[in-house]
Visitor: 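Got a structure here, written out as structure tokens. Questions coming.
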Amino acid sequence: MLDVRFVCENMDLVEERLKLRGKQIDLTEIKKLANERLELLYTYETNQQLLNKSQNEMANLDKKSEEFAKKRDELKEISEQSKKAKTRLAEVLESLDKLILYIPNLPQESVPVGASEEDNVIIKTWGVKPSFNFTPKNHWDLGDTDYMDFERGSKITGTKFTVMKSYAAKMERALINLMLDTHGEAGYTEIFPPFLVNRTSMTGTGQLPKFEEDAFKIEGTDYFLVPTAEVPVTNLFADEIIPESELPIKYAAYTACFRKEAGSAGRDTRGLIRQHQFNKVELVKITTPETSDLEHKKLLEDAERILQKLNLHYRVVELCGADLGFSASKCFDIEVWLPGQDNYREISSVSNFLDFQARRAKIRYKSESEKKNSLAHTINGSGLAVGRTVVAIFENYQQEDGSIIVPEVLRPYMGGLEIIPSIVK
RNA sequence: GGAGGAAUGGCCGAGCGGUUUAAGGCGGCGGUCUUGAAAACCGUUGUACUGAAAGGUACCGGGGGUUCGAAUCCCUCUUCCUCUGCCA
């Protein structure tokens, strides 16, 4: 969330920056509540001071004296006023929280202006599109049903759940290991977190309260299925103060991810692209404000490395204001080339949140030079979405007969397998 | 799932409703002494809000209550430990 104080003192700037997201947001109610908070705080603290100062006096008075009774009644009056202010203060804070938690992060100044994803800016292209002397197939034509069983997935669970089988199942597992090993070599510590998180964690990283309809909730509990490993891993440091010497913290985590995909009904109905459950390896960094921009760019490179190892053609786009996620201040998407769809598709999203998540989750660090505590910066990115990587391999490495060449770097992870036999009839 | 016990500062550990301004110890930091170190001694020590500052307020697992006044009494929730049941 944004700093209430900053919002009140820079209302014009904040409104201007939020416009980059294509949204008009009214901040006057926030300012009103913030002022009331200060007034109440003053009333409460003045009364408390009076009460505290009377402590010794009361202790030393004869409990049966008239003076004691008189003083007691006097203090009772003050105490009641104090409690009233405190109650009202709690209400004001709650309303204030409610408002501020729904306000998205400010886009960084460098973020391109735009109205939709059409306005994202391509900043890099790596590799070349593979050429085929035949018409490349979709991954579902290459995989259905012996490698990817869409129908039985729907039967046992529901639509947008798929059963991975045989070499495709092995490839999911192999990719997870390849990704975790690669990131491990780059200095990321491996984390295997719980797949269920509580409401506080979901709020800390910004999935709640605004996007509850996107999350799967376990009935009868306050637990949510993780929509991304970002949630458990970033919240590892919630409510903690990290010594600066330990920064940057670099974590890599595999989890299954669960998303309701509310609002995207009718899109990507076929194939593995959009699923309610998918595997993902996520990279998370906690940094100081000074280094977050650099670490953001380095994290992008770490994610790109996987595609480079797999020799998959991709491009990097910087998201324009309108396409930016709620918590992000700046975001790069990596889009892999999918010949079967004749299109680039997002396979990784690498965001810098600055102190937006840190303020929500209370992730701080102790500065060595100044000996004070400050909010940390958080960064994360997919490294990569595993299911979509399988899609990319199937479509980019297909041969005319429908068999699929296993990328060399993946072979040691698949028992030396070189070719996935064709099941195309 | 059942039965007990516990929760106090970075850590350990005291704490009869009002000199608690949370004792004491350890650790950390600074200093004295020393060629250097150790030891000893002295000082210091968290977080948030508020304030220009001095300072003030709050925080003894969370929330509520009793009281002029709660770390202390009451209710409730959570977490951890021990024993026990079931279990990959």
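The figures that follow rest on heavy atoms only: side chains count, while hydrogens, waters and symmetry mates do not. Note that the structure is a prediction, hence the values are computed from the model and not measured. Chain letters run A, B, ... following the sequence lines, proteins first, then strands; residues in each count from 1.
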Visitor: Less than 4.0 angstrom from a charged side-chain N to a carboxylate O is my criterion; do A:Asp268 and A:Lys160 meet it?
Guide: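 Here A:Asp268 does not pair with A:Lys160 in a salt bridge, since their nearest N and O are not under 4.0 Å apart.
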Visitor: Taking B:U45 as the reference, what is the distance to B:U21 when you measure between their C1' atoms (whole Å, please)?
Guide: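 Each nucleotide's C1' atom is 16 Å from the other's.
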Visitor: Would you please confirm or rule out a distance under 4.0 Å between OP1 or OP2 of B:U47 and any side-chain N or O of A:Lys362?
Guide: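 Looking at the OP1 and OP2 atoms of B:U47, neither is under 4.0 Å from any side-chain N or O of A:Lys362.
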Visitor: Relative to the 5' end of RNA chain B, which residue comes earlier, A:Ala59 or A:Ile241, by the nucleotide with the nearest heavy atom?
Guide: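 Its nearest nucleotide lies further toward 5', so the answer is A:Ala59.
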Visitor: Would A:Arg267 and A:Glu261 pass as an ion pair if we require N to O under 4.0 Å?
Guide: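 Looking at A:Arg267 and A:Glu261, the cut-off is not met.
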Visitor: Can you tell me, in whole Å, how much space there is between the C1' of B:A14 and that of B:A22?
Guide: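 Per the computed distance, 10 Å lies between those C1' atoms.
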Visitor: With a 4.0 Å cut-off, would you call A:Arg37 and A:Glu91 a salt bridge?
Guide: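 No, A:Arg37 and A:Glu91 are not salt-bridged.
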Visitor: If you measure from the P atom in B:U19 to the same atom in B:A58, how many Å do you get, rounded?
Guide: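 About 14 Å, rounded to a whole number of Å.
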Visitor: Take the protein atom CD of A:Glu77 and the nucleotide atom P of B:G69, then report the distance between them rounded to whole Å.
Guide: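 After rounding, the reported distance stands at 12 Å.
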Visitor: Could you give the distance separating B:G51 and B:U57 at their C1' atoms, to the nearest angstrom?
Guide: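 These two C1' atoms come out 11 Å apart once rounded.
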Visitor: Reading nucleotides 49-68 of chain B 5' to 3', which nucleotides get B (base under 4.0 Å from a protein heavy atom), which S (sugar-phosphate only), which -?
Guide: SSS----BBS--------BB
Visitor: Determine the interatomic distance between P on B:C11 and the same-named atom on B:G17; round to the nearest Å.
Guide: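 The answer is 27 Å between these two P atoms.
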Visitor: Salt bridge check, A:Lys330 against A:Glu318: does any charged N sit closer than 4.0 Å to a carboxylate O?
Guide: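 Yes.
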Visitor: Say we look at B:U72 and B:U20: how far apart would their C1' atoms be, to the nearest angstrom?
Guide: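 It works out to 11 Å between them.
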Visitor: Expressed as a whole number of Å, how far does the C1' atom of B:G61 sit from that of B:U47?
Guide: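 After rounding to an integer number of Å, I get 15 Å for this pair.
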Visitor: With a 6.0 Å cut-off on ring centres, are A:His296 and A:Phe332 close enough?
Guide: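 They qualify: ring centres under 6.0 Å apart.
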Visitor: Could you give the distance separating B:G2 and B:A88 at their C1' atoms, to the nearest angstrom?
Guide: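 Result for the C1' pair: 22 Å, nearest Å.
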Visitor: Would you please enumerate the stems RNA chain B participates in, each stem being three or more consecutive Watson-Crick or G-U wobble pairs with both distances under 3.5 Å?
Guide: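 Consecutive-pair runs (3 or more) involving RNA chain B: B:1-7 with B:78-84, B:10-12 with B:24-26, B:27-32 with B:40-45, B:46-50 with B:55-59, B:61-65 with B:73-77.
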Visitor: Any carboxylate oxygen within less than 4.0 angstrom of a Lys/Arg side-chain nitrogen, looking at A:Asp302 and A:Lys298?
Guide: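 Salt bridge: no.
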Visitor: Check this for me: does any side-chain nitrogen of one of A:Asp214 and A:Lys260 sit under 4.0 Å from a carboxylate oxygen of the other?
Guide: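 No salt bridge links A:Asp214 with A:Lys260.
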Visitor: Only counting residues at least two apart or in another chain, list the ones meeting salt bridge (charged side-chain N to carboxylate O under 4.0 Å, His left out) with A:Lys19.
Guide: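 In terms of salt bridge (charged side-chain N to carboxylate O under 4.0 Å, His left out), with neighbours along the sequence ignored, A:Lys19 is linked to A:Glu16.
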Visitor: Could you tell me whether A:Ile78 contacts a base, only the sugar-phosphate backbone, or nothing, with contacts defined as non-hydrogen atoms closer than 4.0 Å?
Guide: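 If one applies the 4.0 Å heavy-atom cut-off, A:Ile78 turns out to touch nothing in the nucleic acid.
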Visitor: Between A:Lys362 and A:Glu240, does at least one N-O distance fall below 4.0 Å, as a salt bridge requires?
Guide: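 Here A:Lys362 does not pair with A:Glu240 in a salt bridge, since their nearest N and O are not under 4.0 Å apart.
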Visitor: Could you tell me the separation between the CD atom of A:Glu240 and the P atom of B:G46, rounded to a whole number of Å?
Guide: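 Result: 19 Å.
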